[in-house]
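The structure appears below as structure tokens.
Chain identifiers are assigned alphabetically (A, B, ...) following the order of the sequence lines, protein sequences preceding nucleic acid strands; residue numbering begins at 1 within each chain. The model shown is predicted, which means the values in this text are computed figures rather than measured ones.
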Amino acid sequence: MPEMTYREALRAGMAEEMERDEKVLLMGEDIGVYGGTHLITDGFLDRFGKKRVIDTPIAEGGFTGAAIGMAMLGLKPVVEMMTWNFSFLAADQIIQNAAKVRYFSGGQVEVPLVIRGPNGGGVQLSAQHTHSLENMYGHFPGLKVVSPVTPNDAKGMMLTAIRDPNPVIFLEAGALYGTKGEVPDGDNAVEFGKARVAREGTDVTLISYGRQVNLCVRVAEKLEEEDGVSAEVIDLRSLRPFDSETIVESVKKTHRAVAVQEQWRWFGVASEVASIIQEQAFDYLDAPVIRVSGAEVPAPYARNLELAAFPSEEAVAQAARQVLYQEVSA
Amino acid sequence: MVFCGLYKASFKGKGATVPAESENTADGAVETQEQQQGGGGSVATDGDRLVELYKKMVLIRTFEEATQRGFRQGKIGGYLHVYIGQEAVATGFLDAYKEGDRVITAYRDHPHVLLLGSDPKAVMAELYGKGTGIVKGKGGSMHLFDVEKGFMGGYGIVGGHIPLGVGFAYAQRYEETDHITQLYLGDGSISNGAFHEAVNLSGLWGKDGMNPCLFIVENNQYGMGTSVERTTAMTDLAAKFDAYGVENEKVDGMDIEAVLEVAHRAADRVRETGKPYAVEALTYRTAPHGAADFFEKYRTKDEIKQWRERDPIGQLEQKLIEREVVDEDGIEEIKNEMKETIQEVVRFADESDEPPLEELYTDVYTGGGVYTGEEG
């Protein structure tokens, strides 16, 4: 199977849909002439022309709102948020218009819109440029929220996102743009609302999404090696719609769960995971569900502080050992 | 920008500027006739046409008065923003509407949807929160929609709808049509960031002929209770568009003939060029801001009275009588006819059923299976 980077996979997904459907167009800051801050759209301007690859001024609310309007008339805009941190400036448009206009119009309009860009931290961008916004956008009915971590899912979920007639918040693992993975040729569309079992196991379930999935896989390998523990890793991939079933089935098998997220603990996705497990698999649990989250501080700059602010292999391994009632170092 | 010289006098009310009696009717009419040659006669002077417009304005006002009663009776909930005093603006501009065009506005949206030909019964039923409402009882007064008729909605966040309209206009040219977007906004939205970002984009895209957007500023002098002069040091709202390369002018929004002339000229121009254009219509909301605006501490009775003297319906009535198009009995007849129509409209709304509870979870998403809210 051919290998490509996460970046190339995103690019392939968008380019293939643009070739297939003339209603698909791209908008964002520096996506055209510059080629995209993260070079996701490099070459698109030459290939598709300025009518379909629109360089915008730095006005997230304005261009996101315009994209919503285009979508309401049947175009399929894919908007690049240079980083999701800038989406606060467009939050009124995303939340008040994109998410709700279908409902308050009594179903008279659709908003086939994708907003994509890098989410989360890990590259020393400090406080204002480091956020994980899946819980914020996942809060609002009317939006779909996805967070692929493999190149295969990056492409496959991009195809699905563009074809979806609803607004999709597409949270990319920005720190992983250069990572490689296998992506089959052709249409590999990945259905939303289906979690992926990233690694099978029997003793404990590690539930995550985005780049923390890779961390969990590394921890699972370590647990196997050091403790002889078999950990299952679930990649949620899609946060709205949410796949409760895969988690619950896994916990019924392992009886123990750790939910890992980069974002802050309070009011986050991991809390939702823990709640679903206690509601739907309470009798199967042998230990309370533990959440591993980012530190409750704005993201710091210094490398050592940043590393301390995000979930670490040690923290996840420790949480796994805790739910397994193994000895935990202090 | 073009300044017509209509607004010579201003008086010191609590901040609002009252336009002087319009003196340009004759000039405007001549201009109009010249421009309309070959286009099917004068827009301004045709008597039958003015009667039709008069009927529309009376219908809107009668409708709005009925909504005020409905609100006081507790039949209408939420917010209620009426268009009383401003009728000439939407009536004049929507006269230039052509099939395929799109119209979007904020939350003072009842007249726009009515003028586009939506069923007043469905509009009133929406306000009454009924299943027969134009958006099935899901939006209420601030969120009227009739996409088939070109009406892309009423929106409740000041300024928030402006970028959408600019997006419509881009899509209209992307699809290579000659349709345009009429984008209505209030004076209150001019200080909002969304306005500036959206108008900037419109001007920019218009350079490539990709933004046939007609901005219509309904300057009714107040954003809720704050006068224009208390919101910006530069109160020429049309001139704000200059900053973004969007040509613009002002019009006396109390004079239907003046509005008509500008509306057709501006709409034609936008349609031909694919470039945006802005018109600031100076008007006045003689009714309170919302149904809960009881005290009106922000303006004087005298100010309201002065504007009432320039009431768009009153002015047109006078013209129709002076020009012997309709006599006073005829005027009375029209008013009674509209009253009866609206009585029937109210009866329909009152007697309609509330939306079925199954509607709670519909229209959240589209495509896929049935949404229950349990999927996350």
Which one, A:Gly193, A:Ala67, A:Ala66, A:Ser238, leads in non-hydrogen pairs under 4.5 Å with chain B?
A:Ala66
Closest heavy-atom contact between B:Tyr365 and A:Phe140?
OH-O, 4.4 Å
I'd like to verify something: which residue of A:Ile276, A:Ile58, A:Thr56, A:Leu143 has the highest number of heavy-atom pairs under 4.5 Å with chain B?
A:Leu143
Please report the C-alpha distance between B:Asp208 and A:Lys50 in whole Å, then the side-chain angles of each, then the deciding distance to 0.1 Å, and finally whether the side-chain contact (heavy atoms from CB on, under 4.5 Å) criterion is met.
CA-CA 10 Å; B:Asp208 297 327; A:Lys50 69 185 266 194; 3.2 Å; yes
I need the minimum non-hydrogen distance between B:Pro163 and A:Gly62, along with the two atoms involved.
CB-O, 3.5 Å
Hey, mind stepping through A:Gln93 and B:Leu164 against side-chain contact (heavy atoms from CB on, under 4.5 Å) and telling me if it holds?
CA-CA 9 Å; A:Gln93 291 299 328; B:Leu164 303 188; 3.8 Å; yes
With chain B, the option among A:Gly107, A:Gly74, A:Ser244 that has the most non-hydrogen atom pairs under 4.5 Å is A:Gly107
Is it the side chain or the backbone of B:Glu175 that comes within 4.5 Å of chain A heavy atoms, both, or neither?
side chain
Between A:Tyr103 and B:Glu359, which heavy-atom pair has the shortest distance, and what is it?
OH-O, 4.1 Å
Please determine, among B:Thr362, B:Ile157, B:Ile134, the option with the most heavy-atom pairs under 4.5 Å with chain A.
B:Ile157
Per-residue contact mode, B:Phe195 against chain A (heavy atom under 4.5 angstrom):
neither
Tell me, for B:Ser202 versus chain A, whether the close heavy atoms (under 4.5 Å) come from the side chain, the backbone, both or neither.
neither
I need the residue from B:Glu148, B:His161, B:Gln172, B:His143 with the largest number of non-hydrogen atom pairs under 4.5 Å to chain A.
B:His143
Heavy-atom nearest pair, B:Phe145 first then A:Gln108, reads O-NE2, 3.1 Å
If one checks every heavy atom of B:Leu204 against chain A at 4.5 Å, the contacting part turns out to be side chain
Considering only heavy atoms and a distance below 4.5 Å, find which of A:Lys23, A:Lys51, A:Glu272 pairs most often with chain B.
A:Lys51
Looking at every heavy atom in both B:Gly160 and A:Asp92, which two are closest together, and how far apart are they?
CA-OD2, 4.1 Å
Answer with side chain, backbone, both or neither: which region of B:Met152 has an atom nearer than 4.5 Å to a non-hydrogen atom of chain A?
both
Looking only at non-hydrogen atoms, find the nearest pair between B:Asn200 and A:Pro57 and report the distance.
ND2-CG, 3.7 Å
Contact origin within B:Phe168 toward chain A - heavy atom pairs under 4.5 Å:
both
